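The model shown is predicted, which means the values in this text are computed figures rather than measured ones. Every chain is numbered from 1, with letters handed out A, B, ... down the list of sequences.
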Amino acid sequence: MGADQHLVVSWLMRVRFAPSPTGALHIGGARTALYNWLLARHAGGTLVLRIEDTDRERSTPENVEQIIDALRWLELDWDEGPISQVSRSDRHQDVLARLLEEGHAYRSNATAQDVQAFKDEHGAERGFRGVAEDEGAVRLRVPDEGETVVHDLIRGDTTFAHRHIDDPVIARADGSVLYNFAVAIDDLDAGITHVVRGEDHLSNTPKQLLVLEALGASQPVYAHLPLLHGPDGKKLSKRHGAASVQELRAAGYLPEAVRNYLALLGWGDADDETIISTPELIQRFRIERVARNPARFDEQKLRWLNGRYMRELDTDELTRRLEAYTGREGLRDAVAISEEKVQTLADFWPLAGFIFDGPADDPAAREKWLGEEGRAALADVRAALAEVEPFTVEQVEPALRAVVEARGAKPREVFQPVRVALAGTTVSPGIFETLAVLGRDASLERIDRALAA
RNA sequence: GCCCCCAUGGUGUAGCGGUCAGCACGCAUGCCUUUCACGCAUGUAGCACGGGUUCGAUUCCCGUUGGGGGUACCA
């Protein structure tokens with residue numbers, strides 16, 4: 001690589017997604033990943049995946065795998081990593097030693113009680129300052145004077161007075177480093193240019209900046225995303241239905257619809273479009289336009305959006321998705337007549353499963369539509385259907401309408417009994433289409449059964 | 001407690017000193033119609049409150065209230 005090219009590379013955007021593997025990837029984390037991905041793809045930059053696993057208790061291989069699965073399902077790829085934060089502990093130790101050596105950090109055995117005692121004496125707003133000891137945890141020295149300003153692409157500048165900041169513990173007594181230290185070093189070493197993460201990290205940013213400053217390193221540009229809440233305004237949790245990516249997947253949502261929805265949750269373009277394909281998103285997404293206020297996750301809108309995406313897929317593709325989702329095969333004909341009626345992949349089977357598994361059992365439907373009148377109509381339909389040739393929608397429809405006319409009935413008085421006979425319920429795809437998909441034999445058999453019951 | 005962030009209909013957002021405050025979801029009604037949907041049409045509902053600044057504030061400043069985050073030898 002020549003010098004010129006190197007210069008170009010150094011100007012490119014490098015972002016990262018750094019989840020801590022504490023379980024399933026939540027929607028908030030998924031959105032953070034999406035925004036970073038959008039930024040990287042838009043700028044032709046690099047997305048680094050780093051696993052923040054310094055908390056050994058919660059970081060299990062299963063949890064890491066869950067996050068990677070979720071990203072794959074969302075079709076968000078990364079260019080470097082996954083890098084385990086723990087795997088970088090040698091480097092962390094080197095930097096820690098240097099900070100200790102240069103006096104930017106010190107060892108201390110101060111406990112939470114000691115910190116409280118300090119505040120009782122100096123005032124609650126006064127940041128804790130410890131005294132150097134021979135052993136104990138490592139604390140970063142925060143100056144008493146001055147302030148640290150976080151320059152944020154979304155929020156502008158936020159100023160933190162040093163006198164309010166506690167000397168943060170950056171390494172445990174056993175030497176293992178803590179998040180606020182490791183994250184600063186890792187982002188620095190990875191050459192991250194833009195740190196895009198949740199707002200819950202904003203208050204800790206000055207500590208990370210102080211670490212960087214102690215090292216004489218330059219700082220990245222920050223962008224803190226507003227947090228996501230549940231429908232009730234409270235923190236998002238399992239109580240709110242699908243709160244994790246795997247739950248969204250299980251609920252039958254399409255990854256492209258989820259990307260579209262998540263992109264709009266906290267971000268809006270000037271032209272106010274709602275349906276935005278991923279390529280368009282890459283082209284139009286601007287981190288500066290991300291909203292500052294927290295957003296609520298609204299599954300109703302996701303459902304609507306998902307329905308729009310479902311209807312945009314052609315029948316073959318939708319069939320592939322549905323077959324993968326249900327684990328069944330030979331669904332195409334049933335899919336073709338159900339497309340307009342489902343909003344999620346999960347909606348399909350309850351609507352059209354009767355075609356394969358036989359009529360559902362809905363006593364109320366039978367009672368209402370298969371009484372004396374219903375059976376009489378059904379018998380007429382059976383007779384008419386026996387003559388239809390070929391057994392196609394084009395031939396079936398006029399035959400049934402002729403029955404309606406001959407009986408002087410309302411359409412529903414004839415069609416609903418047929419529907420209940422075939423599906424067992426009052427809801428199904430169009431009746432002519434359903435008949436055609438079922439075929440003459442199966443249709444007549446089901447009608448006979450309803451008549452005999 | 002202390003530090004920090006945020007505030008447009010029920011929800012997500014557009015707006016960046018003068019607009020009938022726009023769009024989407026939802027909800028309601030109508031049309032379509034064999035069920036359920038889809039689609040189409042119409043309607044419903046909002047600038048948290050109080051002070052300023054200004055000829056004029058949804059928009060700028062301050063405060064209040066209300067949410068949220070941080071304050072761990074968690075991330």
N/O (side chain, [X]) to phosphate O (OP1/OP2, [N]) under 4.0 Å:
{"X": "A/Arg401", "N": "B/U34", "result": "yes"}
{"X": "A/Arg289", "N": "B/G15", "result": "yes"}
{"X": "A/Asn180", "N": "B/G70", "result": "no"}

Legend entry - Under 3.5 Å: donor-acceptor pair, side chain of A/Asp362, backbone of A/Thr425: no
Heteroatom pairs (N/O) under 3.5 angstrom, protein to nucleotides 72-74 of chain B:
unit_1, atom_1, unit_2, atom_2, d
B/C73, O2, A/Ala173, N, 3.0
B/C74, OP2, A/Arg172, NE, 2.6
B/C74, OP2, A/Arg172, NH2, 2.8
B/C74, O2', A/Asp55, OD2, 2.4
B/C74, O2', A/Arg58, NH2, 3.0
B/C74, O2, A/Arg58, NH2, 2.9

Inset, instruction - Kindly state whether the pair A/His201 / B/A75 counts as stacked, where counting means centroids closer than 5.5 Å and planes tilted less than 30° apart. - result: yes
Starting at [atom1] of [X] and ending at [atom2] of [N], how long is that distance when rounded to a whole Å?
{"X": "A/Asp53", "N": "B/A75", "atom1": "CG", "atom2": "C1'", "value": "11 Å"}
{"X": "A/Arg292", "N": "B/U59", "atom1": "CZ", "atom2": "P", "value": "13 Å"}
{"X": "A/Arg407", "N": "B/U34", "atom1": "CZ", "atom2": "C1'", "value": "15 Å"}

Inset, instruction - Mind checking A/Phe432 for me? I need base, sugar-phosphate or nothing, with any heavy atom below 4.0 Å counting as a touch. - result: base
Inset, instruction - Give one of base, sugar-phosphate or nothing for A/Ser428, where a contact means two heavy atoms less than 4.0 Å apart. - result: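 Base contact.
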Atom pairs, protein N/O to nucleotides 27-29 of chain B N/O, distance under 3.5 Å:
none

Inset, instruction - Please evaluate the base of B/C38 for a donor-acceptor partner in the side chain of A/Lys341 within a cut-off of under 3.5 Å? - result: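 When only heavy-atom distances are counted, A/Lys341 does not reach the base of B/C38 through any donor-acceptor pair under 3.5 Å.
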